[in-house]
Amino acid sequence: MRQVVLLKDIPDLTEIKLHRETRAPIVEGVKRRISEVDKRALEAAIQLKEAVGGEIVALSMGDDKTKTALLEALAMGADAVYIVNEPEFKCLDTNATSKVLEAALKQIGEYDLVLTGEMTLDSLSSQMGPRLAELLGIPQITYVKEITAENGKVKAVRDLEDVDEVVEAPLPVVVSVVREINEPRIPALMKIMRAKKKPQTVWDAAALGLDVEEIKAQSYVKITNLAAPKVERKQIKIEADSIEEAAKKLAEAIVSEGIM
Amino acid sequence: MTYLVYSEDRELAFQLLGKARELADKTGSSVAAIVVGESQEYVKQGADKALKADLGEFNVETVKEALLEAVKMTEPSVIMIGATKRGKEVAPRVAAALGVGCMTECSSVDLGEDGKIIVERLTYGGSTVAKETSTSTTTVITVPSRSFEKLEPKERTGEIIELTFEAVKPRVKVLKRREKPRSSVDLESAPVIISAGRGFKTQEDLKILDELAEVLGAQISCTRPISADLGWMDQWVGISGKKVKPSLYVACGISGTIQHVAGIRDSQIIVSINNDESAGIHGLSDYSIVGDLYEVIPALAKALKEAS
Ligand SMILES: Cc1cc2nc3c(=O)[nH]c(=O)nc-3n(C[C@H](O)[C@H](O)[C@H](O)COP(=O)(O)OP(=O)(O)OC[C@H]3O[C@@H](n4cnc5c(N)ncnc54)[C@H](O)[C@@H]3O)c2cc1C
């Protein structure tokens, strides 16, 4: 079974600082990692490969730093990495990005399963899986928390609000996973060393046969402002010699807030 | 110009109709909705056109076909879809079929001076609000439940139109549906909430919250891992769970990750109990105690009883 896992490297959200005046997040210079749910999609692919064999390729759209971030995918167990790195594609929306990834998937060739996280934690858009399924003309299974493959089919459990839905689909299919599907492995040092020897291919627009202007013209959504809402909390640390004392002070504070 | 509304959840569809009606009246446009169940109510709730479609059991490919047919019929500038998990898998699929922009989980929806839609949605894990706009002739958006109010239903004139579309044979087969337990607790409107995080070692230990909950008249909730990984409770608070706005939120053994905090930001007072001095939750609280929750919680319950 040939699996393609879509991975996005995003700034470490716990390291992001805010601009003093605009309260916009400052992402430049922040260390980038594979988005958490995407990593679990990769872990799911590795477990499927362990069960039924085959090959795992990781596909990512990024920039010069993406190669480094994706070494982790190779160390975890991806066999090869493909990165679309085209400076002209820096601020594309999901519509345009999906067109680029569609072209990259076609270049990769045969695939049985396209896996991704239900959302990346930076944009929280949850669009890429279903968009690619539509462009590739194949079915989608979203919000997957369990998955198995056999005889050219996948069986999955979807985590919906009111029900768990057990479904079956023929290959190829796009699958997006939720955080609860697994705990991603932490690769051993040896595997990290060996990851550098695995193939990483970088494509620009020309390598994918894409016209830069044509793609950019299909990017419609623009962010006009980004700002973290102000948190105005009192931030009072209650300190006392004993737990009882501290609890008493906290109780008094709660009462004085007029909540009781 | 038309606003086209769809949600498989009727109540949510009516909330979207409320917003769509408001925007349509501002711009002299009309509102169409794909009907689930009885049609007339959609007209009463603000639709000029109620499109009756035979959708059967929810299936993403069927709903997509119905929506594409409705798009041909009404040429909408905005397609508003309820941001349930089902809605969120339909919306991008429709956007891709049309080759247009899509913005998901929009908490506010408005029109700019140029008449283009402007939305607000959370990004960066839930820490940041992004204002976004789209320049495609049609734009798909999804809107979560309770973002907008539905209208007072009233007798209005509107057409009920039969929407016919090509039947699709779903390629994904549903083998089984397992009902989840329905929670009886309404966290979204709870005035006081005590919330448990991974600082609790066992499910049994949650019992220590009961006494505190009783003095405070609080509902009990938790972080996502307590519910989704451990299954100790059936709903959680945060960006992917319930967004709450109590007057008091007591976070016990919760580290304060962006995803959790995004759901409690509208709380009036946040109190935290965490034994790690460097835990992020302290800086996000009004009052915090650095201490072992197993000691602090019973002591706090006792102190509150004495204080009140
Ligand atoms: C796509 C996505 C969506 C998510 N959505 C949500 C969401 O909606 N809601 C949500 O909650 N999470 C969500 N998460 C998960 C989130 O990233 C964190 O994993 C989670 O919030 C952490 O929960 P926690 O604070 O209970 O656990 P931890 O981060 O493990 O924190 C436990 C805390 O307990 C403290 N502690 C330990 N022992 C004691 C003690 N004896 N006394 C006092 N304190 C103690 C520790 O110091 C620590 O700070 C999401 C993740 C993803 C990837």
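None of these values were measured; they are calculated from a predicted model. Below, chains carry the letters A, B, ... as their sequence lines are ordered, and counting in each starts from 1.
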Contacting region of A:E252 [heavy-atom separation from chain B under 4.5 Å]: neither
Other residues, nucleotides and ligands only: do more than 12 of their heavy atoms fall within 6.0 Å of NZ on B:K85? yes
Pick whichever of B:A95, B:P181, B:G99, B:A299 has the most heavy-atom pairs under 4.5 Å with chain A. B:G99
B:T138 side chain to B:S136 side chain, donor-acceptor N/O pair below 3.5 angstrom: no
May I ask you to decide whether B:R86 forms a salt bridge with A:D162, counting only side-chain N to carboxylate O separations under 4.0 Å? yes
So which residue, B:R182, B:E306, B:R171, ends up with the most heavy-atom pairs under 4.5 Å with chain A? B:R171
Verify side-chain hydrogen bond (donor to acceptor under 3.5 Å, both in side chains) between A:E43 and A:Q47, making sure each step is shown before the conclusion. CA-CA 6 Å; A:E43 176 63 38; A:Q47 290 180 16; 2.8 Å; yes
Structural part of A:I16 lying under 4.5 Å from a heavy atom of chain B: side chain
What part of B:K64 gets within 4.5 angstrom of chain A, counting heavy atoms only: side chain, backbone, both, or neither? side chain
Pick from B:Q235, B:E120, B:R224: which one has the most heavy-atom pairs with chain A under 4.5 Å? B:R224
Options A:S35, A:A227, A:A228, A:A169, ranked by heavy-atom pairs under 4.5 Å with chain B, top entry: A:A227
Can a donor-acceptor pair be found between the side chains of B:H282 and B:S285 at a distance below 3.5 Å? no
Under a 4.5 Å heavy-atom cut-off, does chain A meet the side chain of B:I258, its backbone, both or neither? side chain
Any donor-acceptor N or O pair under 3.5 Å, side chains B:D9, B:T84: no
Could you check which of B:A91, B:S267, B:A307 has the highest count of heavy-atom pairs closer than 4.5 Å to chain A? B:S267
Does any backbone or side-chain atom of A:L226 lie under 4.5 Å from a heavy atom of chain B? Answer side chain, backbone, both or neither. both
Return the option, out of A:D164, A:I238, A:L13, A:V167, with the maximum number of heavy-atom pairs under 4.5 Å with chain B. A:D164
Given heavy-atom pairs under 4.5 angstrom as the criterion, report whether the side chain, backbone, both or neither of A:P229 touches chain B. both
Between B:V296, B:V271, B:V60, B:I269, who has the most heavy-atom pairs with chain A when the cutoff is under 4.5 Å? B:I269
In terms of heavy-atom proximity below 4.5 Å to chain A, should B:V119 be classed as side chain, backbone, both, or neither? neither
Pick whichever of A:I138, A:V157, A:V178 has the most heavy-atom pairs under 4.5 Å with chain B. A:I138
Could you go through B:D276 and B:S278, starting from their C-alpha distance and side-chain angles, then the distance that decides it, and tell me whether this counts as side-chain hydrogen bond (donor to acceptor under 3.5 Å, both in side chains)? CA-CA 5 Å; B:D276 176 4; B:S278 66; 2.8 Å; yes
If we ignore angles and hydrogens, is there a donor and acceptor under 3.5 Å between the side chains of B:Y287 and A:E257? yes
Side chains of A:Q140 and B:R93: do they bring a donor and an acceptor to under 3.5 Å? yes
Among A:T14, A:I254, A:T120, which residue has the highest count of heavy-atom pairs closer than 4.5 Å to chain B? A:I254
Verify the distance criterion only: is there a donor paired with an acceptor across the side chains of B:Q268 and B:S247 at less than 3.5 Å? no
Tell me, side chain or backbone of A:V27 under 4.5 Å from chain B's heavy atoms, or both, or neither? side chain
Short side-chain to backbone donor-acceptor contact, B:D114 and B:K116, under 3.5 Å: yes
Segment of A:E36 engaging chain B (4.5 angstrom heavy-atom cut-off): neither
Give the member of A:T94, A:L121, A:V255, A:V154 that has the highest number of heavy-atom pairs under 4.5 Å with chain B. A:L121
Residue A:S125 versus chain B: region with a heavy atom under 4.5 Å: both
Counting only heavy atoms closer than 4.5 Å, note whether A:Q235 contacts chain B via side chain, backbone, both or neither. both
Looking only at heavy atoms and a cut-off of under 4.5 Å, which of B:T128, B:T123, B:T104, B:D286 has the most pairs with chain A? B:D286
Measure A:I259 against the heavy atoms of chain B and call it side chain, backbone, both or neither at under 4.5 Å. side chain
Between the CD atom in A:E245 and the CD1 atom in A:I243, the distance rounded to the nearest 0.5 Å is 11.5 Å
Contact leader toward chain B among A:K222, A:M128, A:K99, A:R23, where contacts are heavy-atom pairs under 4.5 Å: A:K222
A quick test of your reading: do over 12 heavy atoms of other residues, nucleotides or ligands sit less than 6.0 Å from CZ of B:R198? no
Within the 3.5 Å criterion, strictly below it, is a donor on A:T142 or A:R158 matched to an acceptor on the partner's side chain? yes
B:P170 portion near chain A, given a 4.5 angstrom heavy-atom threshold: neither
Inter-residue atom distance B:L300.CG - B:L293.CG, 0.5 Å rounding: 11.5 Å
A:K155, part contacting chain B, at a heavy-atom distance under 4.5 Å: side chain
Which atoms of A:V173 are under 4.5 Å from chain B, going by heavy atoms: the side chain, the backbone, both sets, or neither? neither
Let me know if B:E89 has heavy atoms under 4.5 Å from chain A in its side chain, its backbone, both or neither. both
Side chain, backbone, both or neither: which part of B:I239 has a non-hydrogen atom closer than 4.5 Å to chain A? side chain
Taken to the nearest 0.5 Å, the spacing of B:I117 CD1 from B:S77 OG works out to 7.5 Å
Chain B contact via A:R179 - which portion, at a heavy-atom distance below 4.5 Å: both
Counting only heavy atoms not in B:K243, do more than 12 sit closer than 6.0 Å to its NZ atom? yes
